[in-house]
Amino acid sequence: MASLRRALISAQRILKSTASPNRIHIVPHSQSLFRPQYGWVSRFSTSSQSMDIDLSNEESKRRLINRLLYRSKQRGFLELDLVLGKWVEEHIYSMDENGIKSLVDVLELENPDLWKWLTGQEQAPEPVNGNPVFIAVHKKVMNNLDNHSSPETRAVAGQPWVRGWDDFKKGRDSPITGNQ
């Protein structure tokens with residue numbers, strides 16, 4: 001990964017030098033290819049740009065819906081991809097502008113935190129708890145957990161979810177708290 005980063009930085013320097021060979025060109029961080037915060041992130045990343053909500057015509061509405069469907073299904077966290085993607089697919093076409101803004105706010109949350117909040121491992125902060133989309137998805141997740149999992153396999157509220165496939169294995173070589 002470091003060699004890729006160095007190669008990209010070298011390529012960026014070469015491109016800058018060929019664009020203006022007679023003078024030094026300094027690019028501010030906001031216009032550079034890389035942002036210094038949170039490591040090296042492309043300026044074309046969807047998380048670094050603000051989401052424009054334009055429902056004025058059918059084409060912009062279609063693009064926005066497709067972008068939100070993609071962001072909800074391709075988060076890189078399989079459980080959230082399945083839960084959020086399915087929920088958004090079922091509800092996005094009936095949402096108004098405020099609902100879409102609430103959905104965008106939920107999609108901006110970090111994956112590990114959002115998963116812990118949705119599954120009840122941790123209490124969500126007050127601004128997130130007041131979001132109607134978060135409330136609906138949380139209700140669906142908790143309903144599914146109540147209907148399809150036994151209480152002894154679930155995390156206690158406020159405790160991490162560390163149990164695994166070998167929880168009930170007893171003996172000298174068995175792990176203490178799960179699949180560790």
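What you see is a predicted model; the values in this text were computed from it and never measured.
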Worksheet entry | Full working for side-chain contact (heavy atoms from CB on, under 4.5 Å) between V133 and M95 | CA-CA 10 Å; V133 171; M95 287 184 169; 3.9 Å; yes
Discussion item. Would K101 and E97 count as a salt bridge (Lys or Arg N to Asp or Glu O under 4.0 Å) here? Give the steps.
Written reply: CA-CA 6 Å; K101 286 179 182 177; E97 187 172 348; 3.6 Å; yes
Discussion item. For L107 and L84: C-alpha separation, side-chain torsions, deciding distance, then whether side-chain contact (heavy atoms from CB on, under 4.5 Å) applies.
Written reply: CA-CA 9 Å; L107 292 176; L84 279 178; 4.2 Å; yes
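Taken from CD1 in I92 to CG in L69, the straight-line distance is 5.0 Å, to the nearest 0.5 Å. In this structure, E122 CD and K116 NZ are separated by 5.0 Å, a value rounded to the nearest 0.5 Å. Of the inter-residue distances, the one linking D81 atom CG with S72 atom OG reads 8.5 Å to the nearest 0.5 angstrom. Expressed to the nearest 0.5 Å, how far CG of N66 lies from CZ of R71 amounts to 13.5 Å. With values rounded to the nearest 0.5 angstrom, W115 atom CH2 is found 11.5 Å from R75 atom CZ.
Taking all atoms of both residues into account, the shortest heavy-atom contact from L145 to T119 is CD1-O, 4.1 Å. The two atoms that bring N129 and Q123 nearest to each other are ND2-NE2, 2.9 Å, heavy atoms only.
S60 and N57 share a donor-acceptor pair across their side chains, judged by distance under 3.5 Å alone.
One hydrophobic cluster, built from ILVMFWY side chains closer than 4.5 Å, holds both W87 and M142. The cluster map of Ile, Leu, Val, Met, Phe, Trp and Tyr, joined by side-chain heavy atoms under 4.5 Å apart, puts Y93 and L68 in the same cluster. Linking Ile, Leu, Val, Met, Phe, Trp and Tyr residues whenever their side-chain heavy atoms come within less than 4.5 Å leaves Y70 and V83 in two separate clusters.
Annotation: side chain of L118 is in contact with side chain of H138 (closest heavy-atom distance under 4.5 Å). Between V137 and V106, every side-chain heavy-atom pair lies at or beyond the 4.5 Å cut-off. Using a 4.5 Å heavy-atom cutoff, the side chains of K73 and K86 are not in contact. A heavy-atom distance below 4.5 Å is not found between the side chains of R67 and R62.
As a member of the Ile/Leu/Val/Met/Phe/Trp/Tyr network built from side-chain separations under 4.5 Å, I135 groups with nothing else and remains a singleton.
Between F134 and W117, the two ring planes are perpendicular [angle over 60°; tilted spans 30° to 60°].
Counting heavy atoms of neighbouring residues, nucleotides and ligands inside a 6.0 Å radius, atom CD of E110 does not exceed 12 of them. Heavy atoms from other residues, nucleotides or ligands lying under 6.0 Å from NZ of K61 number 12 at most.
At a threshold of 4.0 Å, the pair E59-R63 counts as salt-bridged, since one of the basic side-chain nitrogens sits closer than that to a carboxylate oxygen.
With N147 contributing its side chain and N143 its backbone, the two residues share a donor-acceptor pair below 3.5 Å.
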